[in-house]
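Before any comments, here is the structure.
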Amino acid sequence: MTTALEEVRRRRTFAIISHPDAGKTTLTEKLLLFSGAIQIAGSVKARKASRHATSDWMEIEKQRGISVASSVMQMLYREHVINLLDTPGHKDFSEDTYRVLTAVDSALMVIDAANGVEAQTRRLIEVCRQRDTPIITFVNKMDREVRDPLDILDEVERELGMPCVPMTWPVGQGKQFGGIINLRTQAMTVFESGSERLPQDFETVALTEQAKLAERFGLEWQTAMDSMELATGASPSFDREAFLAGKQTPVFFGSGVNNFGVMEVLDALVDLAPSPRPRMSHLVVNKHMVDKTIQPEDPGFAGVVFKVQANMDANHRDRIAFVRVASGRYAPGMKLKVQRSSKELRPTSVVTFLSQRREAVDEAYAGDIIGFTTHGGVQLGDTITDGAALQFTGLPFFAPEMFMTVILKNPLRTKQLQTGLEQLGEEGAIQVFKPEMGGAMLLGAIGQLQFEVVQHRLRGEYDCDVRLENSSYTGARWITADTPAELKEFVNAYPQRMATDAANSLAYLCTSPYDVRLAQERFPKIHFHPLREHAGLALGSAG
């Protein structure tokens with residue numbers, strides 16, 4: 001019988017992050033394949049075929065060949081339970097990715113060796129840096145014509161603001177790609193192309209056989225040895241404490257599509273990445289909030305909802321709340337409570353995931369991601385416990401930068417539209433604002449593609465055909481005040497500008513950047529927030 005502490009130590013929970021097209025979804029497939037979680041890797045490129053990448057389950061993803069929703073996969077490897085969260089690479093869905101990054105203990109950053117660190121990766125790095133999330137770096141596509149590995153390391157160091165520690169080193173690139181030198185095992189794994197190969201199929205040669213390797217790989221070998229010497233000479237040696245504090249990143253090279261260099265990453269996740277860590281929360285004591293650190297091995301069950309996904313199963317019209325377990329042990333039939341509303345939660349079906357495949361949960365510990373089937377009443381950022389009045393914080397909602405008005409083509413579908421917008425708003429797929437003075441609902445987004453996905457999903461999942469029209473609004477700020485009277489005075493002064501979001505938080509809609517400045521000058525005691533943390537805690541509601 002294992003103890004809770006032993007179970008926690010067996011767990012690794014990480015997110016894969018990258019710019020679109022760096023090969024993130026392919027790498028996800030290969031990690032699942034090598035851990036034995038799936039038997040056949042779906043070709044990400046062959047979108048017309050019936051086989052799609054396991055982690056891209058939505059219809060629109062299959063049509064476009066992109067990931068627009070993060071997916072969760074659990075696998076067992078070397079006696080460790082690995083929870084892998086694949087995030088959308090497209091910038092229009094960065095909010096979903098930011099929220100996923102609050103639920104993990106480390107991140108695997110995938111970089112295209114030809115392009116280096118790209119724009120979207122920079123934004124994600126910032127989030128990791130804010131949270132001191134440990135980052136493992138995988139430089140992908142070494143079998144193509146790519147940049148010099150020393151250049152790539154230099155750029156990663158500059159962008160991450162932390163030193164790189166090479167763990168593997170490439171010999172050649174493109175057509176001359178000979179393989180990788182594993183600095184941990186002091187051996188070279190010889191490259192052969194082909195997506196059906198398994199790690200044991202690759203030839204390995206010990207570095208003690210220098211002469212043999214030099215003869216076989218010629219100039220590529222000599223160049224690799226010289227550059228590796230430069231890289232290791234300029235890099236600090238691997239320091240696990242520095243890595244765990246987000247102060248250095250171990251770097252691996254390979255080719256995900258060819259299954260090459262992936263096993264080394266999987267091993268590093270087990271050997272180097274952290275097990276679940278303590279989490280900060282607020283405890284309610286005599287109606288006052290006090291800070292409390294929740295240890296993963298604490299006996300009481302506590303978790304936080306970092307994602308809500310509607311209609312994962314089109315036949316059942318269900319919603320799944322994805323919960324990151326922060327402490328304690330989950331067992332079927334437990335009585336749970338949503339802290340924001342004090343409502344009892346008795347989930348009938350609690351599952352773990354392999355993308356769309358689900359399995360009933362017998363037990364779950366800190367670090368695990370479990371899904372509760374819900375029919376409403378659970379929102380992003382909700383804290384769920386078996387009793388303790390805790391509140392976890394830090395789940396971000398960003399003020400939208402684009403707005404559209406929703407026009408329903410068939411007025412008889414009003415009820416379906418309301419349901420659809422309520423559910424998609426709760427899910428965080430888009431932000432839904434209801435004007436206080438009545439009128440058409442407003443959709444707020446970070447990027448254009450979010451509107452297209454919501455329109456597509458309203459049609460496909462809720463049988464609602466809508467037209468989206470440009471709105472005069474260009475921004476929103478959530479508002480709070482020190483006293484209800486001050487808030488009321490402000491609301492009365494700007495009735496046309498007031499709207500409530502999915503969490504019933506009040507927002508002030510603006511048509512230009514000057515609006516907020518003018519309103520602030522007129523009402524200095526009103527606070528305008530460009531970021532909303534979870535509604536139950538951070539902001540006043542419209543109630």
Side-chain angles (χ1 to χ4, degrees), residues 58-60 68-69 93 95-96 305 307-322 338 340-341 343 345 372-382 397 399-400 402-446 449-473 476 478 491 495-509 532 534-536 539 541-543:
M58 265 188 203
E59 194 53 44
I60 194 161
V68 298
F93 297 93
E95 259 198 295
D96 198 19
V305 178
K307 178 180 170 63
V308 177
Q309 185 73 59
N311 305 323
M312 278 185 78
D313 181 344
N315 300 326
H316 292 107
R317 290 270 170 250
D318 61 355
R319 261 176 292 174
I320 295 227
F322 289 72
V338 179
R340 172 182 48 84
S341 59
K343 280 192 181 144
L345 185 71
F372 291 175
T373 305
T374 149
H375 299 287
V378 176
Q379 293 178 358
L380 282 168
D382 275 350
F397 291 79
M402 307 165 87
F403 285 88
M404 290 272 197
T405 306
V406 184
I407 309 293
L408 186 59
K409 291 183 183 175
N410 177 357
L412 297 175
R413 310 295 297 167
T414 303
K415 192 160 181 255
Q416 286 84 345
L417 177 66
Q418 281 174 337
T419 305
L421 289 180
E422 183 186 317
Q423 293 188 359
L424 294 174
E426 274 184 9
E427 190 183 301
I430 198 138
Q431 294 193 39
V432 180
F433 291 90
K434 184 180 175 187
E436 289 283 89
M437 298 292 286
M441 298 288 268
L442 281 167
L443 298 184
I446 303 293
L449 192 57
Q450 273 179 282
F451 292 125
E452 293 174 34
V453 169
V454 163
Q455 200 171 7
H456 179 97
R457 289 185 63 188
L458 282 172
R459 191 165 52 242
E461 295 167 27
Y462 301 93
D463 195 16
C464 271
D465 236 349
V466 297
R467 195 169 73 246
L468 298 180
E469 291 187 351
N470 285 327
S471 160
S472 56
Y473 298 116
W478 286 283
V491 169
Q496 305 288 347
R497 293 288 180 96
M498 292 295 130
T500 50
D501 69 3
N504 206 31
S505 293
L506 256 182
Y508 168 76
L509 303 169
R532 170 169 82 74
H534 175 237
L539 295 179
S541 73

Using every non-hydrogen atom in the two residues, find where Pro400 and Ala445 come nearest and quote the distance to one decimal.
CB-N, 3.5 Å

What's the separation between atom CG in Leu380 and atom NZ in Lys307, rounded to the nearest 0.5 Å?
9.0 Å

Between side-chain atoms of residues 407-415 and protein atoms elsewhere (two or more places apart, or another chain), which donor-acceptor pairs fall under 3.5 Å?
from: Asn410; atom 1: OD1; to: Leu412; atom 2: N; distance (Å): 2.9
from: Arg413; atom 1: NE; to: Asp463; atom 2: O; distance (Å): 3.0
from: Arg413; atom 1: NH2; to: Asp463; atom 2: O; distance (Å): 3.4
from: Arg413; atom 1: NH2; to: Asp463; atom 2: OD2; distance (Å): 3.1
from: Thr414; atom 1: OG1; to: Pro411; atom 2: O; distance (Å): 2.5

Where do Ser505 and Trp478 come nearest, in terms of heavy atoms and distance?
CB-CD1, 3.9 Å

Any Val378 side-chain heavy atom under 4.5 Å of Phe372 side chain:
no

Is Leu424 close to Leu458 at the side-chain level, that is, under 4.5 Å between some pair of heavy atoms?
yes

Non-hydrogen side-chain atoms of Gln379 and Val308 separated by less than 4.5 Å
no

Check whether any side-chain heavy atom of Leu443 lies under 4.5 Å from a side-chain heavy atom of Val432, and answer yes or no.
yes

Taking Arg497 for its side chain and Leu509 for its backbone only, find out whether a donor-acceptor pair lies under 3.5 Å.
yes

Across all chains, not counting sequence neighbours, the side chain to side chain contact (heavy atoms under 4.5 Å, CB included) partners of Met498 are Glu436, Ile479, Phe490, Val491, Tyr494, Leu506, Tyr508

Interatomic distance, CG@Asp465 vs CD@Gln416, rounded to 0.5 Å, equals 12.0 Å

When rounded to the nearest 0.5 angstrom, what is the spacing between CG in Leu442 and CD1 in Ile430?
11.0 Å

Nearest non-hydrogen partners of Ala476 and Phe403, listed with the distance
CB-CZ, 3.7 Å

Would Val406 and Leu468 count as a side-chain contact (heavy atoms from CB on, under 4.5 Å) if you check the C-alpha gap in whole Å, the side-chain angles of each, and the deciding distance to 0.1 Å?
CA-CA 5 Å; Val406 184; Leu468 298 180; 4.0 Å; yes

Should Phe433 and Tyr473 count as side-chain neighbours, where that means a heavy-atom distance under 4.5 Å?
no

Can you tell me how far the CD atom of Gln423 sits from the CZ atom of Arg457, to the nearest 0.5 Å?
9.5 Å

Do you know the tightest heavy-atom contact between Met441 and Pro435?
CA-CD, 4.4 Å

Closest contact, heavy atoms only, Arg467 versus Gln455
CA-NE2, 4.3 Å

